[in-house]
Number of protein chains: 2
Amino acid sequence: MTTVQRPPARTRLLQAADRVLFTNGIRATPVDDLLRQAEVSTATLYAQFGSKDGLLAEALRLRLADWRSIWDECIISAGDDQARLLAVFDALEAYRGQRLPPARWCAFLATATELPNAQGEIGDVVAADTALLNDRLRHLASPLAGARAAELADDVVLAYNGTLAAFLRGHPADPIEAGRRLARAAVGAYRTA
Amino acid sequence: MTTVQRPPARTRLLQAADRVLFTNGIRATPVDDLLRQAEVSTATLYAQFGSKDGLLAEALRLRLADWRSIWDECIISAGDDQARLLAVFDALEAYRGQRLPPARWCAFLATATELPNAQGEIGDVVAADTALLNDRLRHLASPLAGARAAELADDVVLAYNGTLAAFLRGHPADPIEAGRRLARAAVGAYRTA
DNA sequence: GTCTATAAATCGATAGAC
DNA sequence: GTCTATCGATTTATAGAC
């Protein structure tokens with residue numbers, strides 16, 4: 001007789017953290033909420049992660065790895081240079097569709113906002129997200145903008161940031177579509193220039 | 001003999017709130033920090049504002065009024081339709097230059113992030129900031145994009161959001177310059193279309 | 001590893017005197 | 001209006017048994 005295996009406590013905690021912290025708010029979520037959602041006791045959390053921040057850091061690391069791999073796939077699926085640069089918006093769409101409910105906006109920017117003096121592992125993973133974004137976009141912008149790749153990459157970074165913040169504002173209604181259009185306009189400016 | 005008047009307690013509290021909450025973090029700042037910075041006692045804060053949230057709400061209202069008036073001036077100073085639409089970036093530059101230290105990024109988006117379920121007066125002032133942004137930009141985009149003003153306005157909203165988030169990320173180095181360039185590219189796309 | 005119970009710390013808010 | 005002192009609630013983290 002096959003039984004559906006319940007994931008181990010560590011996994012349940014990470015899933016609960018990923019689901020709750022970035023939708024209800026990091027500081028707004030007490031440890032008790034995570035424990036109840038994960039159906040795990042206090043001692044287990046502290047044995048596995050040492051602290052709420054330790055759990056947050058690990059959840060962010062997994063999130064970054066997941067985001068990176070989805071973005072990878074979207075770049076590979078894209079047909080040309082422009083589509084590869086704009087694939088970050090496809091990835092955002094896929095990433096958010098994958099999680100129900102999706103984060104309120106961006107887990108990394110939310111962490112930067114809620115933990116202003118984050119150092120150590122939390123600061124590191126937030127910085128790694130920004131570095132991934134910058135490095136990849138610069139690389140992808142190169143065939144389109146040549147020597148001005150850095151500028152075009154920054155344009156797309158801003159369009160991407162703006163899309164995320166649009167979720168937070170609740171406007172425009174379809175942030176990803178708006179972001180894609182804006183990024184396309186940026187590419188156009190380098191094409192004609 | 002002329003004496004430099006110390007502002008009243010209420011003003012000192014509002015100044016301290018404006019200076020500290022949006023740079024060190026809203027939830028990360030204990031009430032005690034505000035009291036020490038304002039050189040005011042506990043009882044005074046609660047007599048004047050009722051709660052930490054009450055003080056936050058009033059600080060946000062003043063901030064919004066100030067932002068609105070600076071933006072007004074920048075629109076008036078602008079020479080043509082495109083400059084009036086892009087004046088939001090001049091305003092951002094002036095607004096941040098006026099406050100030392102400036103907020104880490106945006107007081108309203110930070111509030112939306114840190115107080116996810118904000119209702120009442122705090123939710124209202126955050127919504128008012130978004131509404132001001134949308135309404136004004138739509139109005140200013142009209143002479144440039146006609147029937148497609150809403151789209152162009154959304155482009156500029158995203159570029160503006162992206163600029164603010166860039167302060168949070170610490171990249172690009174000059175977010176306002178990058179945002180202005182991106183918004184200009186968006187305008188260009190409507191010009192040629 | 002997991003549980004219950006509780007410690008330890010933080011923080012928002014109030015009381016009562018002046 | 002302002003002060004000092006303190007309450008009460010919340011929340012993070014630990015102790016000790018199983």
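Only heavy atoms go into these numbers, but all of them, side chains included; no hydrogens, no water, no symmetry mates. Letters go in sequence order (proteins before strands), and every chain restarts at 1.
Rounding to whole angstrom units, CZ of residue A:R10 and P of C:dG1 are separated by 10 Å. Between the CZ atom of A:R6 and the P atom of C:dG1 there is a distance of 15 Å, rounded to whole Å. The distance from atom CD of A:Q48 to atom P of C:dC3 is 12 Å, rounded to the nearest whole Å. Per the geometry, CG belonging to B:L34 stands 17 Å off P belonging to C:dT10, to the nearest Å. Rounded to whole Å, the distance from CD on B:E39 to P on D:dT4 is 13 Å. In this structure, A:L13 places its CG atom 14 Å from P of D:dA13, rounding to the nearest Å. Rounded to whole Å, atom P of C:dT2 lies 19 Å from atom CZ of A:R36. Per the geometry, CG belonging to A:L35 stands 12 Å off C1' belonging to C:dC3, to the nearest Å.
One side chain, B:Q82 or B:R191, offers a donor N or O that lies under 3.5 Å from an acceptor on the other.
Using cut-offs of 30° and 60° on the angle between ring planes, the pair A:Y95 and A:W67 is perpendicular.
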Check the interface with nucleotides 12-16 of chain C: list each N/O to N/O pair with the protein under 3.5 Å, or write none.
| from | atom 1 | to | atom 2 | distance (Å) |
| --- | --- | --- | --- | --- |
| C:dG12 | OP1 | B:K52 | NZ | 3.0 |
| C:dG12 | OP2 | B:V31 | N | 2.7 |
| C:dA13 | OP2 | B:Y46 | OH | 3.3 |
| C:dA13 | OP2 | B:K52 | N | 3.0 |

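For A:D33 and A:R36, the salt-bridge test passes: some basic side-chain N is under 4.0 Å from an acidic carboxylate O. Ion pairing between A:R136 and A:D72 holds under the 4.0 Å rule for side-chain N and carboxylate O.
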Steps toward side chain to side chain contact (heavy atoms under 4.5 Å, CB included) verdict (A:L109, A:D129)
CA-CA 9 Å; A:L109 293 176; A:D129 175 64; 5.7 Å; no
Can B:D135 and B:R138 be said to form a salt bridge (Lys or Arg N to Asp or Glu O under 4.0 Å), step by step?
CA-CA 5 Å; B:D135 294 350; B:R138 190 162 305 198; over 6 Å; no
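For A:S41, no side-chain nitrogen or oxygen approaches OP1 or OP2 of C:dT2 to under 4.0 Å. OP1 or OP2 of D:dG1 has not a single side-chain nitrogen or oxygen of B:T44 nearer than 4.0 Å.
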